[in-house]
Structure formats: C-alpha cells, structure tokens
Amino acid sequence: MVDIKHKETGETLASVPGESLIGADLRDMRLNGADLRGMDLSDANLEFSDLVGADLSNAILTGAVLLSAHLNDALLLGANLSRVRAGSE
C-alpha cells in the first residue's frame, strides 16, 4: 500500500494498493496539495484528478495520462514529463 500525503499537513489523502505508483489508476482522485516529490508515476492514469497545489518536483511521469487533470499551482520543477498525455479531450 502506498500512502499519498498532503505536503503541509501530512494528512493521508489516499491509500493506493500495491508497492508503487507505477501504472496506478488514480483517475478522479482528490490529491490537491499532495506530496508526490520524486515519486515514480510512470504510466499512471491521473485523468480528471485534482492535483491543485500538488508538489510533483522531480517526479517521474513518463507515459502518464494527465488528460483533464487539474494542475493549477502544481509544482513540476525537474519532473520527467516525457510521453505524457495532457490537455483535454
């Protein structure tokens, strides 16, 4: 199980089954303010997720799906965004 915590309060926002977030199904999740620094989210599905204010610094998002994800004020400094699917359909 992987716990995703808030970057400031440490509150658990979500608990995701498995040992990593690689290929995880995180669609429609409320992850605003999440601390995802340096996490490997390769091939994860974050479609329609709320990532407002999330810290994705140095995260690996290779091949992730970010279609219609809410990324206002999200920090993506140093994140690997190769092959990411983003925007809206």
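All values below were derived from every heavy atom in this structure, side-chain atoms included, with hydrogens, water molecules and symmetry-related copies excluded. Every value quoted in this text rests on a predicted model; they were computed, and no experiment measured them.
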Do Lys7 side-chain atoms and Gly53 backbone N/O form a donor-acceptor pair below 3.5 Å?
-> yes
List for me each residue that meets salt bridge (Lys or Arg N to Asp or Glu O under 4.0 Å) alongside Asp50, sequence neighbours excluded, and say none if there are none.
-> none
How far does CZ of Arg37 sit from CG of Leu77, to the nearest 0.5 angstrom?
-> 12.5 Å
Taking side-chain hydrogen bond (donor to acceptor under 3.5 Å, both in side chains) as the test, write out the residues that go with Asn72, two or more places apart.
-> none
OG-CG distance between Ser49 and Asn32, expressed to the nearest 0.5 angstrom = 10.5 Å
Single hit among Thr62, Ile60, Leu26 for side chain to side chain contact (heavy atoms under 4.5 Å, CB included) with Leu41 | Leu26
Considering all heavy atoms, the nearest Ala79-Leu61 contact = CB-CD1, 4.3 Å
Smallest heavy-atom separation, Glu8 atom then His6 atom, equals N-ND1, 3.0 Å
Are Ile22 and Leu81 connected in a single hydrophobic cluster, I mean Ile/Leu/Val/Met/Phe/Trp/Tyr linked by side-chain heavy atoms less than 4.5 Å apart?
-> no
Side chains of Val2 and Met39: does their closest heavy-atom pair fall under 4.5 Å?
-> yes
Contacts of type salt bridge (Lys or Arg N to Asp or Glu O under 4.0 Å), residue Asp43, not counting sequence neighbours | none
Write out all pairs satisfying side-chain hydrogen bond (donor to acceptor under 3.5 Å, both in side chains) with one or both partners inside residues 11-23, taking only residues at least two apart or from two chains.
-> Asp3-Ser15
Hydrophobic cluster membership, Leu21 vs Val84, 4.5 Å side-chain cutoff = yes
May I ask whether Val52 and Leu56 are part of the same hydrophobic cluster, defined by side-chain heavy atoms of I, L, V, M, F, W, Y residues being less than 4.5 angstrom apart, directly or through others?
-> no
Residues in salt bridge (Lys or Arg N to Asp or Glu O under 4.0 Å) contact with Arg27, at least two apart in sequence or another chain | Asp25
Looking at CG of Asp73 and CG of Asp55, how far apart are the two atoms once the value is rounded to the nearest 0.5 Å?
-> 12.0 Å
What residues, two or more places apart in sequence or in another chain, satisfy side chain to side chain contact (heavy atoms under 4.5 Å, CB included) together with Ala34?
-> Ile4, Leu13, Leu31, Leu36, Ala54
How many angstroms lie between CG in Leu51 and CG in Leu75, if you round to the nearest 0.5 Å?
-> 12.5 Å
